[in-house]
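Down below is the structure, laid out as structure tokens.
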Amino acid sequence: MQPLKGFRDFFPQDLAHLRWIQSAWHSAAKLAGFEEWDGPVLEPLKLFTDKSGDEIAGQLYAFEDKGERPVALRPEMTPTLVRMLSARAGALPKPIKWYSVAQFFRYEQPQHGRGREFFQWNVDVVGSPHPAADAEVIAVAVEALRRLGLSDEDLRVRISDRGALAAFLVALEVPEELHLSVFECIDKLERDPAATRRLTEILGESRAAELLCACDQFPLSRAERLGVVLEACRDWGLGACLEPDLRIVRGLAYYTGTVFEIFARGAKLRAVAGGGRYDRLMSDMGGPPLEAVGFGMGDMVLSLLLAERGLEAPPGMRLEVLVIGTDASMLSPAREVVRELRSRGVASETAYAPVRVSKALRSASNQGVPRVVLVGPDEWAERKVVVRELSSGQQRTVHLSELD
RNA sequence: GUGGGUGUAGCUCAGUCGGUAGAGCGCCAGAUUGUGGUUCUGGAUGUCGCGGGUUCAAGCCCCGUCACCCACCCCA
């Protein structure tokens with residue numbers, strides 16, 4: 001029997017890889033003063049349809065529980081964040097800097113870098129409208145990627161500001177009600193050749209041309225706030241990977257200002273992370289009127305990218321010491337030695353049944369165990385054992401009480 | 001949901017013209033019983049995705065089906 005489509009089994013090596021990624025997420029966030037939080041994996045279906053519309057239910061693991069309540073496995077974290085902040089935001093000092101590392105479920109067609117279950121890192125600053133918050137969040141995202149061994153040369157942080165884009169459209173005298181569909185076209189410019197044509201249909205030839213031109217050459221003079229965000233990003237050392245790019249709008253309707261996506265340079269992968277500012281979402285969803293900026297980074301595209309760059313988790317050490325009883329009579333003393341080691345916090349084990357010493361040594365070195373302890377009758381008569389370093393072959397005889 | 005590709009050992013894969021299933025890696029055991037990594041020898045492992053059809057004979061050909069991968073749609 002196989003796992004369900006889009007779901008993954010994590011064998012020890014796979015899990016080690018996932019944990020490696022997650023620990024980079026945790027450390028980058030904690031280092032920047034973000035606090036970890038979490039919520040339920042299963043939520044009322046309504047929590048998600050309220051935010052995204054009833055159609056979203058088709059893309060969720062949604063069902064009725066035994067009490068006939070419509071429920072869904074969470075496809076994202078933001079609605080839960082809004083609920084939890086609604087309950088407590090008044091009591092929390094601002095800005096609120098929270099992050100989560102959680103598992104999500106979406107009933108979609110699995111694809112390259114996309115499954116029906118995945119882990120995602122979410123980092124949000126709530127309660128600050130300042131551009132410096134936007135920059136800090138981006139810096140945290142990049143920091144995690146750096147910790148995994150990616151360099152600035154590997155990364156492109158494409159960044160835009162919907163406010164600037166909207167202002168540009170206003171300057172072109174594009175009516176407000178057309179803005180959203182224009183955003184949609186711009187979002188698709190790189191993937192869909194028809195998008196250019198549709199843009200012309202909406203805007204007319206001259207305005208479309210002007211807009212396309214602006215996309216190629218961002219008029220930073222007309223994007224004051226973005227300029228401040230970029231400046232702060234440079235303070236965080238992101239200068240080498242920043243790319244102001246008006247074409248980044250992101251699909252989400254709720255972004256209000258800064259939007260950004262992080263890509264791998266020269267890789268045919270979708271964005272490894274994406275986010276932006278959503279100042280109205282909290283109040284729109286009935287929460288406190290707090291500004292917010294944040295991003296999400298999933299484990300799947302990131303794993304593909306790391307694999308492509310030959311980056312992997314440093315080899316983990318299952319055992320620090322293998323204790324070898326040299327004959328059948330040493331089984332019990334070997335266990336005593338292991339017990340002593342474990343009580344001192346040293347990961348160690350010994351065979352369940354007598355094993356030839358040469359075989360035990362071979363298995364120890366094959367597994368990368370750095371040292372073994374040999375328990376033989378001669379030394380054990382004086383409560384002593386032989387400690388052997390496998391890398392050098394050096395060994396010494398020590399008393400049980402001197403074991404480290 | 002639509003289109004394309006792939007399904008053979010634990011993993012990566014080979015398998016010619018249709019003729020009883022292969023390699024490498026890994027795993028297990030051994031090379032005189034208290035000393036490893038290299039090496040050598042031996043061993044185990046398959047519903048050839050599944051079901052049907054053609055044929056004396058199918059991993060191979062035909063039909064169906066399922067799963068996975070890739071692309072589209074979507075992307076919170």
Side-chain angles (χ1 to χ4, degrees), chain A residues 1-9 11-14 43 47-53 55-60 72-82 102 104-116 118 120 122 124 184 187-188 191-194 249-255 259 261 268-271 273-276 278 281 285 294-298 300-301 304 322 324-330 334 354-380 385-397:
Chain A
M1 185 138 39
Q2 290 183 326
L4 288 172
K5 181 202 281 272
F7 285 73
R8 299 171 287 176
D9 288 332
F11 289 89
Q13 205 181 342
D14 308 321
E43 291 276 19
L47 183 71
F48 304 117
T49 53
D50 276 359
K51 179 191 166 217
S52 309
E55 317 81 61
I56 197 74
Q59 296 179 68
L60 302 180
L73 291 170
R74 63 183 173 199
E76 59 164 327
M77 212 56 173
T78 309
T80 305
L81 177 68
V82 172
F104 299 95
F105 305 87
R106 296 178 183 176
Y107 199 90
E108 304 183 286
Q109 217 43 245
Q111 249 179 80
H112 199 48
R114 193 165 78 182
R116 290 181 168 180
F118 56 94
Q120 188 168 286
N122 284 273
D124 294 276
E184 275 172 28
D187 188 38
K188 287 179 178 157
R191 302 189 300 270
D192 184 359
V249 298
R250 296 194 43 80
L252 276 163
Y254 64 71
Y255 285 123
V259 282
E261 294 186 336
K268 274 191 71 181
L269 292 171
R270 66 182 81 238
Y278 50 102
L281 184 67
M285 288 184 68
F295 69 87
M297 182 186 295
M300 297 189 71
V301 172
L304 291 172
L322 178 66
I324 304 170
T326 58
D327 63 53
S329 71
M330 290 293 106
V355 187
R356 199 185 302 276
V357 172
S358 63
K359 193 185 149 186
L361 279 164
R362 188 190 314 166
S363 119
S365 66
N366 284 345
Q367 291 182 60
V369 179
R371 63 168 58 158
V372 300
V373 169
L374 291 147
V375 187
D378 299 346
E379 296 88 352
W380 190 247
V385 294
V386 175
V387 178
R388 180 179 178 87
E389 303 293 335
L390 286 188
S391 56
S392 61
Q394 285 181 345
Q395 57 184 50
R396 62 207 158 88
T397 304

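We use all heavy atoms of the structure for the numbers below, so side chains are in, but hydrogens, waters and symmetry mates are not.
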*Is B/A57 paired to anything, Watson-Crick or G-U wobble with both distances less than 3.5 Å, and if yes, which nucleotide?*
none
_Distance, P atom - from B/G19 to B/C62, rounded to whole angstrom_ = 15 Å
_Watson-Crick/G-U partner (both atom distances under 3.5 Å) of B/U2_ = B/A71
*Pair partner, B/G46 [Watson-Crick or wobble, under 3.5 Å]*: none
*What interatomic distance, in whole Å, is found between C1' of B/U45 and the corresponding atom of B/G5?*
29 Å
*Quantified in whole Å, what is the P atom distance between nucleotide B/G49 and nucleotide B/U12?*
15 Å
*asked:* Both conditions, 6.0 Å and 45 degrees, for the charged tip of A/Arg116 above the ring of A/Tyr107: are they met here?
replied: yes
*asked:* Heavy atoms only, 4.0 Å cut-off, all strands: where does A/Pro79 land among base, sugar-phosphate and nothing?
replied: nothing
*Please measure how far the C1' atom in B/G4 lies from the corresponding atom in B/A9, and state the result in whole Å.*
29 Å
*Over how many whole Å does the gap from A/Ile324 atom CD1 to B/G34 atom P extend?*
12 Å
*Using the C1' atom in both, what is the distance from B/A29 to B/C17, to the nearest Å?*
41 Å
*Could you tell me which nucleotide pairs with B/U20 by Watson-Crick or G-U wobble geometry, both distances under 3.5 Å, or answer none if nothing does?*
none
*Interatomic distance at P, B/C25 relative to B/C40, whole Å*: 9 Å
_For the P atoms, the ones on B/A23 and on B/A14, what distance do you get once it is rounded to whole angstrom?_
16 Å
*State the CZ-OG1 distance between A/Arg74 and A/Thr80, to the nearest 0.5 angstrom.*
6.5 Å
_Length of the line joining A/Lys359:NZ and B/C27:C1', which is rounded to integer Å_ = 11 Å
*Of all heavy-atom pairs between A/Pro79 and A/Phe48, which one has the smallest distance, and what is that distance?*
CG-CD2, 3.8 Å
*How does protein reach along nucleotides 69-76 of chain B, written 5' to 3' as B (base within reach of a heavy atom under 4.0 Å), S (only sugar-phosphate), or - (no contact)?*
-SSBBBBB
_Side chain A/Glu379 and base B/G34 donor-acceptor under 3.5 Å_ = yes
*Is there a donor and acceptor pair, one atom on the side chain of A/Arg356 and one on the base of B/U33, closer than 3.5 Å?*
no
*asked:* I'd like the C1' distance from B/U54 over to B/C60, given in whole Å.
replied: 14 Å
*Rounded to whole angstrom units, what separation is found between the CZ atom of A/Phe11 and the P atom of B/G10?*
12 Å
